[in-house]
Amino acid sequence: MADRITPRNVNYSDWYIDIVIQAKLADYSPVKGCMVIRPRGYALWERIQSVLDGMFKATGHQNAYFPLLIPESFLQKEAEHVEGFAPELAVVTIGGGEPLEEPLVIRPTSETIIWSMYKKWIQSYRDLPLLINQWANVLRWEKRTRLFLRTTEFLWQEGHTAHATAEEAQEETLRMLNVYRTFAEEYLALPVLTGRKSESEKFAGAVATYAIEAMMQDRKALQAGTSHNLGQNFAKAFDVTFQDKNGNLSYVYATSWGVSTRLIGALIMAHSDDKGLVLPPKIAPTQVVVIPIYKTANKGEILDYSSRLVQTLKEEFTVEYDPDDSSSPGYKFAEWELLGVPVRVEVGPKDKEKNQVVLVRRDTGEKSYVALNEVKQRIRELLDAIQKNLYQRALEFRISHTRQIAQYTEFKTFFEEDGGFAESPWCGSADCEARVKEDTKATIRVLPFGNEERANGVCVVCGNPAKHLAIFAKSY
RNA sequence: CGGGCUGUAGCGCAGUGGCUAGCGCGCUUGGUUCGGGACCAAGAGGCCGGGGGUUCAAGUCCCCCCAGCCCGACCA
């Protein structure tokens with residue numbers, strides 16, 4: 001008997017960690033707060049990378065790479081930025097055995113080093129827009145870490161763009177937010193809310209931060225991606241100006257946007273169950289696993305049948321094959337369910353006799369018997385159905401745990417009980433936001449787009465006229 | 001960084017101050033099984049997290065340290 005996964009309703013945190021460890025996605029490292037991403041976890045990241053990278057290229061971005069180490073003074077050039085990141089910096093003070101003249105910060109994010117370079121590269125409106133992305137690791141000395149959701153070092157991509165006008169920068173900010181939304185919904189089967197962050201939740205150094213927010217199965221919110229309009233803050237800090245057609249000199253407008261390995265955490269917490277990982281087919285590194293079922297007597301003929309099937313399936317799907325005779329079929333079923341492969345194909349003597357296979361879908365456990373000549377077609381349909389079902393299931397879950405609340409007593413009760421997303425009018429003041437956090441631990445996750453008009457009424461906290469309809473939730 | 005819990009075989013755990021530290025799972029070898037986590041047999045595997053003390057005697061008691069998890073404050 002393998003290790004059991006703690007059921008979600010017993011302890012959600014333990015369940016999450018059990019999945020990560022037992023599905024072999026990651027492991028704890030010798031260094032506190034860091035994790036080792038194992039092949040099954042890294043394969044997921046590679047899938048995420050390849051899809052997103054395609055989307056970035058399709059929207060005109062190019063990849064580049066900037067150094068890991070940043071002169072400490074660079075961070076200090078943007079006041080809010082340094083204030084936001086100073087507490088979580090790791091600093092290199094010795095190099096080659098000698099104390100460094102200027103300490104080097106291990107990047108927590110790359111705005112400063114990138115904008116120090118943009119100063120060299122941008123002089124004219126002809127140099128704009130400059131649309132660069134980098135895939136990198138960053139390091140933030142977090143007090144409390146959790147596999148994938150928050151680790152000291154994590155992998156991400158960070159886009160850094162430069163524009164001639166505020167309008168273009170805003171357009172880019174929203175374009176990339178939309179790329180994230182599309183990716184989350186279509187590939188991760190993760191329904192997300194999009195909108196702006198409140199002042200207190202925005203990125204250190206940004207004019208405005210936008211985010212995609214998803215609801216996990218414990219009804220907490222997870223910020224799955226952010227897109228920042230940086231205005232001219234970094235251009236001013238690094239003195240990046242350009243001349244327009246009329247010869248006028250002005251500061252460049254900037255955006256930055258990123259998603260990280262946290263997405264893998266989102267994927268797990270949104271879809272998985274007490275049997276293990278559940279992966280959307282469009283992001284699953286392995287879509288199909290083939291398990292032959294045989295006795296010693298018929299081993300040869302069954303393996304022959306199953307391996308020919310595997311060859312056929314590999315023409316269209318990513319396939320793993322598990323013909324090993326050292327564990328029983330039942331064991332393998334459980335094992336592959338734990339690993340999250342969307343479709344399992346069982347082939348045994350009965351199937352060979354009837355020229356069929358058994359298909360089992362991971363999300364519902366439903367079995368079907370399919371003729372050999374229809375297998376590819378049926379798997380295609382199943383993968384599609386699973387993808388849609390996971391999205392739909394997550395969406396319905398979010399909707400059923402989202403409540404419109406106008407009364408503060410009800411609001412507090414909501415978060416004392418099951419919780420979820422509270423959609424409530426808010427006056428816009430940081431004081432009310434802080435009070436909510438104090439009283440309920442919930443924060444404003446996002447100010448959804450197009451909701452200003454719906455914000456008729458009064459702030460759920462203070463009773464003053466509302467300016468926004470905000471989404472409040474406890475979050476990761 | 002505060003509070004709590006836990007460190008004993010790869011994993012999960014037992015282990016009144018006393019002799020050679022156990023159990024389950026996993027692992028190795030051989031054999032029988034095989035359509036939902038099979039079974040038999042024989043093996044391998046331990047600086048009892050680290051350091052200091054108390055004691056005739058410490059996995060067990062005391063002190064310090066370290067690590068991990070959970071709960072807070074901080075954050076993607």
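Below, read A as the first sequence line, B as the second, and so on, with proteins coming before strands; counting in each chain starts at 1.
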Can you list everything that forms a ring pair (Phe, Tyr, Trp, His ring centres under 6.0 Å) with [X]? Sequence neighbours excluded, please.
| X | value |
| --- | --- |
| F317(A) | none |
| W257(A) | F56(A), H61(A) |
| F415(A) | F411(A) |
| Y294(A) | none |

Within [range]: residues closer than 4.0 Å to RNA chain B (heavy atoms):
| range | value |
| --- | --- |
| residues 37-56 of chain A | none |
| residues 261-296 of chain A | R262(A), I293(A), Y294(A), K295(A), T296(A) |
| residues 178-189 of chain A | none |

- If you take atom types as modelled and just measure distance, does the side chain of E346(A) reach the base of G36(B) with a donor-acceptor pair under 3.5 Å? no

- Note on the structure: Mate of G7(B) across any strand shown (Watson-Crick or G-U wobble, both atom pairs under 3.5 Å) is C66(B)

- For Q170(A), the side chain to side chain donor-acceptor pair (under 3.5 Å) test, sequence neighbours excluded, returns Y210(A), N229(A)

- Note on the structure: Residues at least two apart in sequence or cross-chain that pass side chain to side chain donor-acceptor pair (under 3.5 Å) with S256(A), listed by chain then number, are E111(A)

- Sequence neighbours excluded, which residues qualify as side-chain contact (heavy atoms from CB on, under 4.5 Å) partners of P7(A)? N9(A), V10(A), D274(A)

- Task: May I have all residue pairs that pass side-chain hydrogen bond (donor to acceptor under 3.5 Å, both in side chains) and include part of residues 77-87 of chain A, sequence neighbours excluded?
- Result: none

Could I get a table of every N or O pair under 3.5 Å where one atom is in the protein and the other is in nucleotides 1-9 of chain B?
none

- Query: Parallel, tilted or perpendicular: which fits the ring planes of W115(A) and Y118(A), with parallel below 30° and perpendicular above 60°?
  - Reply: perpendicular

